[in-house]
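Each remark here refers to the structure printed beneath this line.
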Amino acid sequence: MKTSTDWSWHFRAWQAGARWDSTRAWVHDWLMSQPTAHDTLILMGGSAGWMMSPRFLERFATVVLIDIDPWAGRLFKWRHGKALASGPTSLQFVCGDAHTLLEEALAQHPRACLLFDNFLGLDTLHTRDLQRTAERLRAIRRKLRGRLWGSLHDRFSGPGTRDWARAACWQLGRLQATSGQPLAKALYESVQARGEWLDHGTDVIFEPGTSVRMIPWPLIPGRWHWLEAGWAQV
Ligand SMILES: C[S@@+](CC[C@H](N)C(=O)[O-])C[C@H]1O[C@@H](n2cnc3c(N)ncnc32)[C@H](O)[C@@H]1O
């Protein structure tokens, strides 16, 4: 995949302000729920860390940020430089495709944990093929056997009329995490979905039965994303 900067994404994130506060707080809670100590975090698709928790970053001696956006390293430092400087954390930036660089990164950092930070849900936009995306996502899972890894990603998105301040995060138990249609219906109702919704084809990311949180994200006014967040069991 070619390197590029999506300035409309950065502008939207910069502009979102308080509308994303609840989502950020839920993401922070989920990140901090991972109790295992690791020296290094490989952060895939971290962008400028618009939704990243500074307190989570401070847990690591080294954060290796991998993103196709050549500006991601500078913007991430701009947003999180203070937190990084006040603690022991150093940031390394590698510009490139996470799929291509995954094996090399795993070999270079044999004890690192990994976080796929809200980009796997974009895969169908690149492949334009649900089957191909499912294969790519399953391949990631296979390569990560034996590692601690987590992912936050789009599961569904579409128009909804729920006031963002009244949305709620869902904690799903082991069985519910895999239930397709009933889950989608309940999630749609909770944001007062209207019109057509997109299934991002990310249901294959976790092993069936993984415990996940479903986090609502009002990307722009009137448009909701349901993010699925989970830590894979090793
Ligand atoms: C929705 S943004 C991520 C938001 C980020 N987690 C944050 O808190 O700001 C998606 C990011 O993934 C990056 N990205 C998309 N596909 C990628 C790939 N194949 N490899 C690496 N980065 C990728 C994009 O450049 C973008 O920075």
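The structure displayed is predicted, hence computed values, not measured ones. Basis for what follows: all heavy atoms, side chains included, without hydrogens, waters or symmetry-related copies. Order of listing sets the numbers, starting from 1, for every ligand and every atom in it.
- Stacking of R74 on the aromatic ring of W71 is recorded, both the 6.0 Å distance cut-off and the 45° axial limit being met.
- Checking T36 against Q34 by side-chain atom types alone, a donor-acceptor pair falls below 3.5 Å.
- For ligand 1, none of its N or O atoms has an N or O atom of W9 under 3.5 Å away.
- For ligand 1, the atoms lying closer than 4.0 Å to a non-hydrogen atom of D97 are 18 (C), 19 (N), 20 (N).
- Proximity of M44 to ligand 1 is not established, as no heavy-atom distance is less than 4.0 Å.
- Residue-to-ligand polar distances place D117 within reach of ligand 1: an N/O pair is separated by less than 3.5 Å.
- Side-chain contact between W26 and R213: absent, with no pair of heavy atoms (C-beta onward) separated by less than 4.5 Å.
- In M51, the parts holding a heavy atom less than 4.0 Å from any atom of ligand 1 are both the side chain and the backbone.
- If you check which protein heavy atom lies closest to atom 5 (C) of ligand 1, you get G46 O, 3.5 Å.
- Considering only non-hydrogen protein atoms, atom 10 (C) of ligand 1 sits nearest to N118 O, 3.6 Å.
- Using a 4.0 Å cut-off to heavy atoms of D69, the atoms of ligand 1 that qualify are 25 (O).
- When ring centroids are compared, H153 and F206 come within the 6.0 Å threshold.
- Proximity of W231 to V212: side-chain heavy atoms (C-beta onward) are nowhere separated by under 4.5 Å.
- Closest to atom 26 (C) of ligand 1 among all protein heavy atoms lies D67 OD2, 3.7 Å.
- On a distance-only criterion, A98 and ligand 1 share at least one N/O pair closer than 3.5 Å.
- Here is the list of ligand 1 atoms found below 4.0 Å of a heavy atom in W50: 7 (C), 8 (O), 9 (O).
- In the model, S157 has no side-chain atom that pairs as donor or acceptor with a side-chain atom of W224 under 3.5 Å.
- With salt bridges taken as basic N to acidic carboxylate O contacts below 4.0 Å, none links D39 and R111.
- Looking at R24 and D21, a side-chain N of the basic residue comes within less than 4.0 Å of a carboxylate O on the acidic one, giving a salt bridge.
- L75 and I68 fall into different hydrophobic clusters, where Ile, Leu, Val, Met, Phe, Trp and Tyr residues are linked whenever their side-chain heavy atoms come under 4.5 Å apart, directly or through other members.
- Protein heavy atom at the shortest distance from atom 17 (C) of ligand 1 is F119 CD1, 3.5 Å.
- Contact analysis puts G96 in contact with ligand 1, with a non-hydrogen atom separation below 4.0 angstrom.
- No side-chain heavy atom of D129 sits under 4.5 Å from any side-chain heavy atom of T124.
- Counting only non-hydrogen atoms, the option in T5, L75, I68, L120 that gets closest to atom 23 (C) of ligand 1 is I68.
- Of the listed residues (G121, G49, A48, G45), the one carrying the non-hydrogen atom nearest atom 3 (C) of ligand 1 is G45.
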